[in-house]
*Asks:* 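Please see the structure below; I have some questions.
Basis for what follows: all heavy atoms, side chains included, without hydrogens, waters or symmetry-related copies.
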Amino acid sequence: MTTAVQGPAWAVEGLGARAGRYPLAVEGPVMRAVDRLVPGVSTVTRYIRYHSLYAAIAAHAERKALDLTACRRLVRRCEVLMAALQHDAEAADEAWFPHGIDRVRRFWAQELDLARAADQEHLSQSYSPRRWGFWDQYGGSATVLGTVEVRDGALRPGRHACPEPLRELFAPLLSLAEQDVVSFGELERAGQAGLGIPSSVEQDWLTQVLTATGAGGSPTPQDWGASDRTRRATFRILGRAIALHGQKGKGYEETLRSAVAFGEEMTTDPVLAAIPETAGWRGLLLRHYSVGAWRRLWAALVADIGSKEGEADRTAQELRDWLAQQAPEGSVRGLLEDLPPLKSPEGLLLPAERELLQKGGDAPMTNVRLLLVGALRSREGHLPDDVRAVFLGRQRRSAEFLDPTWVDGLIRDYSDRPVRDLAARLVDDMLAQSRRVALGKLRTDPATGGLKIFSRLHVRNERYFKTGDEGDSDIGTRIPQLGSFGRQLGLFDVRDGCHVVTVSGRMILETER
């Protein structure tokens with residue numbers, strides 16, 4: 001007897017799929033270390049002026065006793081006005097690109113239709129589809145910095161309230177936020193609040209907040225919390241790295257790597273050696289290479305897979321062959337012997353990772369070699385204990401999926417086997433890990449009543465297909481953002497293409513000994 005089953009009628013048939021973030025879940029150790037070492041700065045916070053704006057809004061909201069709804073309305077309107085202050089695209093400085101300016105341009109004619117641009121009812125037709133606009137990007141940082149607090153959903157001054165002279169800078173802007181339509185003449189009268197317009201009050205106040213100093217730039221660590229002191233330590237490490245290597249013309253992150261990740265300066269330089277957080281940055285930056293290698297390797301693997309339409313979908317064996325065929329002849333032991341040296345005869349860390357990237361770019365086997373370097377660096381005795389603890393970044397004592405000690409276990413198992421066998425095993429491990437991560441994120445979709453899986457890679461009839469490509473960019477360390485903040489505060493500068501620490505930066509960050 002055959003029974004037909006129908007339903008449930010409240011659920012849509014099939015499994016819903018959405019693109020997932022961090023498909024191999026290898027980023028956690030670096031992201032947690034970044035959270036600890038750069039509190040109050042995020043990869044999406046670009047301008048100190050917005051921190052001042054939200055602090056001024058919070059002060060205004062307290063005086064007017066604005067509730068959650070009124071605060072959200074004010075935030076959205078002020079963000080639109082900030083973008084509109086630079087409405088002349090030809091005259092706008094390319095270095096200052098206000099958040100949402102492209103969408104705000106749609107509401108410019110002879111005047112600015114502020115009400116429509118900041119509309120809260122039809123978000124998709126406004127300057128931002130997010131209910132709180134760009135406050136969502138700055139809010140977490142602002143609360144950590146203490147410039148804003150959120151009470152019952154409404155913005156209120158934090159422990160570092162916006163000073164009165166800085167509130168006066170935003171007063172014309174806050175006044176315009178009450179209007180539904182704003183003329184360009186009125187916008188010009190509020191122009192002092194625009195990006196790139198210097199404010200000594202803003203610089204002094206946010207320098208104190210971001211570098212944990214007192215008035216006049218004097219260090220006052222006893223007056224600040226642990227996160228403030230940690231952020232100051234990272235600022236000092238970056239400042240010292242610029243003083244030592246800024247003349248090479250590299251970006252902030254590479255400048256930091258030159259001073260901290262390799263060589264002897266971490267322990268011999270009088271400034272860097274005196275800052276405990278320097279060891280954390282060495283461990284973070286070294287692990288960053290392994291994380292980036294996994295991300296690029298996975299993205300390259302997925303790029304070789306076709307869509308669900310059946311064009312170039314792949315079996316697991318075909319994916320193993322994809323990487324195995326790129327492996328060099330010989331054993332894993334021979335591949336290890338061909339790696340650049342990891343240490344000098346004196347025991348100093350050498351930039352093997354940099355050398356590999358310079359020679360091989362982002363080729364799949366270059367990333368395999370980077371994983372092997374990370375595995376060798378994970379062994380006991382290679383790194384000091386305080387550096388190794390951050391490098392491993394474990395949440396449990398044993399090896400975690402795809403971490404450097406996991407790869408080291410593969411080295412021990414495959415050392416006398418062909419490199420192509422190790423390559424095939426790495427593919428199997430990535431496929432298995434991506435499946436574990438996707439199933440761990442499986443959720444009920446309230447819109448359909450069915451299940452929703454977050455993944456771009458799927459398997460059907462033992463063949464893999466994709467719904468999109470994976471990102472292969474390195475995850476952020478927040479050092480570029482911190483460096484940009486330092487430049488906006490007048491602590492750092494760029495001269496003749498090289499980074500330098502200014503006179504005030506040397507004093508405030510104590511970068512000279």
Side-chain angles (χ1 to χ4, degrees), residues 24 26-27 29-30 33 253-254 256-258 260-264 266 279 281-300 323 326-328 330-385 387-394 399-423 425-427 429-430 472 474-475 477:
L24 297 183
V26 294
E27 298 83 358
V30 168
E253 190 169 301
E254 281 304 304
L256 184 68
R257 288 182 193 277
S258 296
V260 172
F262 308 108
E264 63 179 357
M266 189 192 91
W281 274 107
R282 171 166 281 190
L284 185 161
L285 293 172
L286 291 175
R287 182 64 181 271
H288 194 262
Y289 284 112
S290 291
V291 171
W294 278 122
R295 287 174 59 83
R296 290 187 296 274
L297 192 59
W298 174 250
L323 187 57
Q326 301 182 61
S331 68
V332 172
R333 189 184 303 278
L335 184 63
L336 293 172
E337 292 173 352
D338 288 339
L339 291 175
L342 275 62
K343 279 188 174 182
S344 71
E346 296 76 27
L348 302 177
L349 296 191
L350 297 178
E353 293 89 342
R354 273 183 167 173
E355 185 175 334
L356 287 171
L357 287 169
Q358 288 169 357
K359 288 181 178 179
D362 60 356
M365 283 308 301
T366 297
N367 293 308
V368 171
R369 290 181 173 91
L370 285 170
L371 295 176
L372 298 179
V373 169
L376 297 177
R377 293 210 190 274
S378 74
R379 294 180 175 178
E380 288 192 29
H382 183 83
L383 299 172
D385 290 345
V387 175
R388 186 170 185 263
V390 178
F391 176 80
L392 294 179
R394 287 177 177 167
E400 299 181 0
F401 292 120
L402 308 189
D403 80 354
T405 55
W406 175 286
V407 179
D408 192 30
L410 294 181
I411 290 176
R412 299 177 192 279
D413 291 343
Y414 284 77
S415 60
D416 293 318
R417 295 175 61 178
V419 179
R420 60 179 178 271
D421 289 356
L422 174 63
R425 171 61 188 270
L426 291 175
V427 169
D429 285 348
M430 286 191 290
D472 62 355
D474 284 326
I475 61 172
T477 62

*Asks:* Using a 3.5 Å distance criterion without hydrogens, assess whether the side chain of Ser258 forms a donor-acceptor pair with backbone atoms of Glu254.
*Replies:*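 At least one qualifying donor-acceptor pair exists.
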
*Asks:* Would you call Arg333 and Asp416 a salt bridge, taking side-chain N to carboxylate O under 4.0 Å as the test?
*Replies:*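 Yes, this pair counts.
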
*Asks:* Between Arg296 (side chain) and Asp472 (backbone), is there a donor-acceptor pair under 3.5 Å?
*Replies:* no

*Asks:* Would a distance-only check, ignoring hydrogens and angles, find a side-chain to backbone donor-acceptor pair under 3.5 Å from His382 to Arg388?
*Replies:*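 Side chain of His382 to backbone of Arg388, a donor-acceptor pair under 3.5 Å: no, none is there.
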
*Asks:* Heavy atoms, side chains only, cut-off 4.5 Å: are Glu400 and Leu392 in contact?
*Replies:* no

*Asks:* Any carboxylate oxygen within less than 4.0 angstrom of a Lys/Arg side-chain nitrogen, looking at Arg412 and Asp408?
*Replies:*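 Answer for the salt bridge query: yes.
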
*Asks:* For the pair Asp421 and Arg425, evaluate salt bridge (charged side-chain N to carboxylate O under 4.0 Å, His left out) and give the outcome as yes or no after the intermediate values.
*Replies:* CA-CA 6 Å; Asp421 289 356; Arg425 171 61 188 270; over 6 Å; no

*Asks:* If we ignore hydrogens and angles and just use 3.5 Å, is the side chain of Trp294 paired with the main-chain N or O of Leu402 as donor and acceptor?
*Replies:* yes

*Asks:* Considering non-hydrogen atoms only, spot the tightest contact between Trp406 and Asp429 and give its length.
*Replies:*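 That would be NE1-OD2, 3.3 Å.
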
*Asks:* Under the side chain to side chain contact (heavy atoms under 4.5 Å, CB included) test against Arg369, which residue among Leu356, Leu336, Asp338 passes?
*Replies:*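 Answer to the side chain to side chain contact (heavy atoms under 4.5 Å, CB included) test with Arg369 among Leu356, Leu336, Asp338: Leu356.
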
*Asks:* Between Arg257 and Glu253, is a salt bridge (charged side-chain N to carboxylate O under 4.0 Å, His left out) present by the stated rule, with each step listed?
*Replies:* CA-CA 6 Å; Arg257 288 182 193 277; Glu253 190 169 301; 3.1 Å; yes

*Asks:* Do Val390 and Arg287 touch side chain to side chain, with heavy atoms closer than 4.5 Å?
*Replies:* no

*Asks:* Distance only, no hydrogens: is a donor on one side chain within 3.5 Å (strictly under) of an acceptor on the other, for Arg394 and Thr405?
*Replies:*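 Yes, Thr405 and Arg394 have a side-chain donor paired with an acceptor closer than 3.5 Å.
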
